[in-house]
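Notes follow once the structure below has been shown.
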Amino acid sequence: MRHVIALDVGGTGMKAALVGAVDAAPSGGTPPVLHRARRATGREHGPDSVVESILAFAADLRAHGERHFGEPASAVGVAVPGIVDADRGIAAYSANLGWRDVPLRDLLSERLDGIPVALGHDVRTGGLAEGRIGAGQGADRFLFVPLGTGIAGAIGIDGRVEAGAHGFAGEIGHIVVRPGGTPCPCGQRGCLERFASAAAVSEAWAEASGDPEADAADCAKAVEAGDPRALAVWQEAVDALADGLVTALTLLDPRTLIIGGGLAEAGETLFTPLRAAVERRVTFQKLPSIVPAALGDTAGCLGAGLLAWDLLSTTSPSNPASEVTP
């Protein structure tokens with residue numbers, strides 16, 4: 001059975017799948033996932049060890065596919081964090097993984113006997129999946145914003161995700177929403193992710209509650225219970241997020257705004273006040289649909305599979321190592 005390898009590389013772990021042909025899925029549905037696996041990155045042993053872990057994992061997945069489905073994978077899609085040069089197939093930089101300028105596409109292709117490899121940025125790759133087969137399905141323009149340790153974004157346009165001229169498109173977490181506010185590691189002050197990420201809410205609630213172990217999920221529960229301290233922390237985050245999102249929708253005019261990540265797991269505790277806060281701020285702008293992400297932590301892996309199938313659809317027999325930009 002024809003299939004591809006999909007790899008989603010995170011800071012500490014990797015999620016992988018063998019993904020069947022897109023045309024085997026029901027119309028508009030998710031491509032069939034034939035096999036799933038997880039493995040640690042081994043980042044505690046250094047960046048070279050992380051790269052070797054990725055290569056070895058991919059080789060094991062290829063062997064599994066050949067053994068169980070009668071043929072090796074036709075291509076590989078891999079999503080990685082940090083700065084990604086997708087055109088050249090280079091993982092340029094990741095603070096969490098400690099690597100710089102890793103020619104990951106070429107290394108994977110060489111390890112896997114020359115099969116084509118597509119490399120993508122983790123958030124944009126997850127956004128690709130949410131846009132095509134998740135919460136943004138059918139929307140010609142969408143913005144995917146996961147609220148996790150930080151905040152990033154994926155700009156969806158007609159079934160693809162815009163990387164930008166230098167691979168930095170969608171960095172909504174570094175829109176300044178509180179000028180002169182909390183310093184951000186990026187060098188600015190008052191960035192959105194310093195107020196509205198899951199990490200920022202966790203930090204604020206730990207301080208407000210006096211419990212150093214408290215996190216954003218605890219804050220959401222306290223909001224639901226009517227705790228006034230939690231309500232103040234939560235509203236501050238919602239207001240900052242709404243300010244950042246209105247800036248984004250003013251520039252991009254998305255039809256659908258997809259919110260994912262850990263903070264979105266609060267459900268309507270987040271979405272009800274967020275929709276109201278965004279609506280209060282718009283003037284001439286068209287209000288998009290604001291919806292929760294549908295694919296959860298599988299988005300990156302499914303998106304990597306889509307990258308691989310996209311690559312095969314544009315790869316000519318005479319140029320098997322060609323690669324498309326996510």
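It should be emphasised that the depicted structure is a prediction, and the values quoted were computed from it without experimental measurement.
Remark: Leu295 engages Ala129, Glu130, Ile133, Thr298, Ala299, Leu302 in a side chain to side chain contact (heavy atoms under 4.5 Å, CB included) (not counting sequence neighbours). Judged as a side chain to side chain contact (heavy atoms under 4.5 Å, CB included), and not counting sequence neighbours, the contacts of Thr272 are Glu268. Listed by chain and number, the residues in a side chain to side chain contact (heavy atoms under 4.5 Å, CB included) with Asp113 are Arg62 (sequence neighbours excluded). With sequence neighbours excluded, the residues satisfying side chain to side chain contact (heavy atoms under 4.5 Å, CB included) with Asp297 are Lys15, Arg38. Listed by chain and residue number, Arg111 satisfy the salt bridge (Lys or Arg N to Asp or Glu O under 4.0 Å) test with Glu52 (two or more places apart in sequence, or in another chain).
The stretch residues 65-82 participates, sequence neighbours left out, in these side-chain hydrogen bond (donor to acceptor under 3.5 Å, both in side chains) pairs: Arg2-Ser74. Within the structure, side-chain hydrogen bond (donor to acceptor under 3.5 Å, both in side chains) pairs that include any residue of residues 220-231 comprise Glu224-Thr269, Asp227-Arg229 (at least two apart or interchain). Under the side-chain hydrogen bond (donor to acceptor under 3.5 Å, both in side chains) criterion, no residue pair touches residues 192-201, with sequence neighbours excluded.
Arg105 and Asp87 make their closest contact through NH1-O, 3.1 Å (heavy atoms, listed as atom of the first residue, atom of the second, distance). Annotation for Ala293 and Ile258: closest pair CA-CG2, 3.6 Å, computed over non-hydrogen atoms. Nearest heavy atom pair, residue Pro254 against residue Pro288, reads O-CB, 3.3 Å. Ala237 approaches Val201 most closely through the heavy-atom pair CB-CG2, 3.6 Å. The shortest non-hydrogen separation linking Leu7 to Ala16 is CD2-CB, 3.7 Å. Residues Ala6 and Gly305 approach most closely at CB-N, 3.4 Å, considering heavy atoms.
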Show the atom names and distances, to 0.1 Å, of all donor-acceptor pairs under 3.5 Å that link a side chain in residues 172-192 to residues at least two apart or in another chain.
unit_1 : atom_1 : unit_2 : atom_2 : d
Arg178 : NH1    : Asp243 : OD2    : 2.7
Arg178 : NH2    : Asp243 : OD2    : 3.2
Gln188 : NE2    : His174 : O      : 3.0
Arg189 : NE     : Gly181 : O      : 3.1
Arg189 : NH2    : Gly181 : O      : 3.4

Output a table of donor-acceptor pairs, distance under 3.5 Å, between side-chain atoms of residues 213-220 and any protein atom two or more places apart or on a different chain; print 'none' if there are none.
unit_1 : atom_1 : unit_2 : atom_2 : d
Asp215 : OD1    : Ala217 : N      : 3.2
Asp215 : OD1    : Asp218 : N      : 2.9
Asp218 : OD2    : Asp215 : N      : 3.0

Would you check, one step at a time, whether the test side chain to side chain contact (heavy atoms under 4.5 Å, CB included) holds for Val291 with Phe142?
-> CA-CA 11 Å; Val291 299; Phe142 70 87; over 6 Å; no

task: Assess whether side chain to side chain contact (heavy atoms under 4.5 Å, CB included) is satisfied between Asp60 and Arg39, documenting all intermediate values.
output: CA-CA 11 Å; Asp60 289 348; Arg39 190 173 292 186; 3.0 Å; yes

- Please test His121 against Val80 for side chain to side chain contact (heavy atoms under 4.5 Å, CB included), starting from the C-alpha separation and ending with a verdict. CA-CA 5 Å; His121 179 272; Val80 297; over 6 Å; no

*Decide side chain to side chain contact (heavy atoms under 4.5 Å, CB included) for Val9 and Leu97; before the verdict, give the C-alpha distance in whole Å, the side-chain angles of both, and the deciding distance to 0.1 Å.*
CA-CA 10 Å; Val9 180; Leu97 297 175; 4.0 Å; yes

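In this structure, the side chain of Thr256 does not engage the main chain of Ser289 through any donor-acceptor pair within 3.5 Å. A donor-acceptor pair under 3.5 Å is formed between the side chain of His3 and the backbone N or O of Met1. At distances below 3.5 Å, at least one donor-acceptor pair connects side-chain atoms of Trp309 with backbone N or O atoms of Gly20. Without hydrogens or angle criteria, Arg124 side chain to Gly167 main chain gives a donor-acceptor distance under 3.5 Å. The backbone N or O of Asp106 sits nowhere less than 3.5 Å from a side-chain atom of Ser109 that would complete a donor-acceptor pair.
The shortest side-chain heavy-atom distance between Leu119 and Leu307 does not fall under the 4.5 Å cut-off. For the pair Leu270/Leu147, a side-chain contact is recorded, criterion being any heavy-atom separation below 4.5 Å from C-beta on. With a 4.5 Å cut-off on side-chain heavy atoms, Asp239 and Glu236 do not count as touching.
Interatomic distance, CG of Leu112 versus CG of Leu61, reported as 9.0 Å (0.5 Å rounding). If you take CZ on Arg132 and CG on Leu306, they are separated by 5.5 Å, rounding to the nearest 0.5 Å. Here the CZ-OG1 distance, from Phe57 to Thr41, works out to 11.5 Å after rounding to the nearest 0.5 Å. Atom CZ of Arg275 sits about 10.0 Å away from atom CG of Leu257, to the nearest 0.5 Å. Once rounded to the nearest 0.5 Å, the distance linking CG of Leu143 with CZ of Arg255 reads 14.0 Å. Here the CG atom belonging to Leu241 is positioned 13.0 Å from the CZ atom belonging to Phe195, to the nearest 0.5 angstrom.
No more than 12 heavy-atom neighbours from other residues, nucleotides or ligands sit within 6.0 angstrom of CD on Glu110.
A chain of hydrophobic side-chain contacts below 4.5 Å, direct or via other Ile, Leu, Val, Met, Phe, Trp or Tyr residues, connects Ile157 to Val145. When hydrophobic clusters are built by joining Ile, Leu, Val, Met, Phe, Trp and Tyr residues whose side-chain heavy atoms come closer than 4.5 Å, directly or via intermediates, Ile155 is not grouped with Val84. If you chain together hydrophobic residues whose side chains sit under 4.5 Å apart, Ile259 and Val161 never meet in one group. Linking ILVMFWY residues whenever their side-chain heavy atoms come closer than 4.5 Å, directly or via other members, leaves Val278 and Phe144 in distinct clusters. When hydrophobic clusters are built by joining Ile, Leu, Val, Met, Phe, Trp and Tyr residues whose side-chain heavy atoms come closer than 4.5 Å, directly or via intermediates, Val123 is not grouped with Ile151.
Residues Ile83, Phe168 make up the rest of the hydrophobic cluster containing Tyr93, defined by ILVMFWY side-chain heavy atoms closer than 4.5 Å, directly or through other members. Residue Ile90 belongs to no hydrophobic cluster, having no ILVMFWY side-chain heavy atom closer than 4.5 Å to its own.
Paired with Gln285 under the rule side-chain contact (heavy atoms from CB on, under 4.5 Å), one option of Asp253, Leu251, Leu249 passes, and it is Leu249.
With salt bridges taken as basic N to acidic carboxylate O contacts below 4.0 Å, none links Asp310 and Arg160.
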